[in-house]
Participant: 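Sharing a structure below in structure tokens format, with a few things to ask.
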Amino acid sequence: MAQNYYQKEIETMPIEEMRKLQSEKLVKQVKHVYENVPYYKNLMDEKGVKPEDIKGIDDLRKLPFLTKADLRDAYPYGLLAKPLNDCVRIQSTSGTTGRRVVAFYTQKDIDLWEDCCARAIVAAGGTNKDVCQVAYGYGLFTGGAGLNGGSHKVGCLTLPMSSGNTERQIQFMTDLNATILCCTPSYAAYIGETLKEQGYKPEDIPLKAGIFGAEPWTEEMRRGIEEVLGIKAYDIYGLTETTGPGVSFECSEQTGMHVNEDHFYAEIIDPDTGEVLPEGSKGELVFTSLDKEAFPLLRYRTRDICVLSRKKCSCGRTLIKMAKPMGRTDDMLIIRGVNVFPSQIETVLLNEGYQPNYQIVVDRVKNTDTFEVDVEMTPKKFTDKVADIIKMEKELSAAMKAMLGINPAVHLVAPKSITRSEGKAVRVIDKRKLV
Ligand code: DLL
């Protein structure tokens, strides 16, 4: 298959040249961060590292890590490296102050991000002849904005659908002959099922490719989506902290995602010791933004467990590849594409006058995540009136929706009825088999 690239020179750059480019960018970036982000300057000073010590990419490991806890401490402006006046956008994740990530972008940062998404669209076969249906959420979530921008850059006719309203998605898709679909893999599978129920055969569906990410998905799920929609399904990865989607993307080989390593340098570390592990080892993925201006995180620990590989790729790209993330080193769950921490549920319960005695049950039924939370009533709140219980469950579910962005089915259960474990409480039962 003839290969298309969006930025061929970068995407196929010989490794030595790439290292040189990364080194030059890193030296500049460390200086920029040291001079403009007192929070990170303190971390560097504590470690005894000065910008002059960073002469190239091999010196990266001298720098301190950043974690979600740092984002929390520095919220909202503490990691900003540009005056607020130079920023044109924020994007964010759901959650409380402590858990919510707020990322800032200059126009140049947006440009760079959209280029990354454009690379992903072109790698999936996209050209200016395509109609690209973006069914990721728009708004604070990075999915809609990122792919929308990438689609414009490629010159596709962009359908900014946002997520949900499946009937309308199908109508636009079929009436306007969408050829590329961008959404979470679970939503893609759901759209596929709905099309099938409506009598569509894969050959009746105009789509040729899909760009799916933001949550873990299996090869089995890929095959299912490819079959029902009659397309080739490509994975895409990213996180709000680094920009959003497009940190890495799949090519025609479909054996992992090429990291846009001219912008994001990837390392794998031992999550317990912080030691950098050799290529091919499984560990925690760490990213350094090499040229972002407003929110340039250095050595950010993603908590995603992953493997990197420099094996030659048949697509001709020389960009390093990352495997599908294989889990997390923290307790974050991704439910219908939304990041959920059990501690957020706990906060809601305490705010609403409940004790933090609860259990989250997640499953995947017909390609859609189900999300249930069993909550113990307190002796004070206890009632056996069904109408009251239903009302209390609805109120709790609404409070959780306000916190998380999605609402679980809440079941109130009798005090002391959730099994107490001997050690750590089992807060989450995840029945999905995602890795
Ligand atoms: O999920 C950005 C994104 C939007 C990626 C659209 C791809 C497509 P966050 O909401 O900050 O950002 O969540 C980031 O989601 O650390 C991973 O744990 C997980 N994740 C993202 N992409 C994938 C993927 C967006 N392809 C967190 N496979 C990350 C598995 C993924 N997990």
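Note that ligands are numbered from 1 as they come in the structure, with each ligand's atoms numbered from 1 the same way. All values reported here derive from a predicted model rather than from experimental measurement. Heavy atoms only: backbone and side chains are in, while hydrogens, waters and symmetry mates are out.
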Participant: I need the contact type for Asn339 against ligand 1. Using non-hydrogen atoms and a strict under-4.0 Å cut-off, is it side chain, backbone, both or neither?
Facilitator: side chain
Participant: Considering Gly143, Ala145, Gly238, which one's heavy-atom position lies nearest to atom 21 (C) of ligand 1?
Facilitator: Gly238
Participant: Please verify the inter-ring angle class for Phe287 with Tyr237; under 30° counts as parallel, over 60° as perpendicular, anything in between as tilted.
Facilitator: tilted
Participant: State whether the side chain of Thr67 and the backbone N or O of Ala69 hold a donor-acceptor pair below 3.5 Å, judged by distance alone.
Facilitator: yes
Participant: Please confirm whether Glu215 approaches ligand 1 to less than 4.0 Å, judged on its heavy atoms.
Facilitator: yes
Participant: Where's the contact between Thr240 and ligand 1, heavy-atom distance under 4.0 Å: side chain, backbone, both or neither?
Facilitator: both
Participant: How are the rings of Tyr77 and Phe104 set relative to one another: parallel (under 30°), tilted (30 to 60°) or perpendicular (over 60°)?
Facilitator: tilted
Participant: Looking at Lys324, Lys321, Arg222, which one forms a salt bridge (Lys or Arg N to Asp or Glu O under 4.0 Å) with Glu250?
Facilitator: Arg222
Participant: Is it the side chain (CB and beyond), the backbone, both or neither of Ile334 that lies under 4.0 Å from ligand 1, heavy atoms counted?
Facilitator: side chain
Participant: Does ligand 1 have an atom under 4.0 Å from some heavy atom of Arg328?
Facilitator: yes
Participant: Counting only heavy atoms closer than 4.0 Å, does ligand 1 sit against the backbone of Thr142, its side chain, both, or neither?
Facilitator: side chain
Participant: Is the contact between Pro325 and ligand 1 made by the side chain, the backbone, both, or neither, using heavy atoms and a 4.0 Å cut-off?
Facilitator: side chain
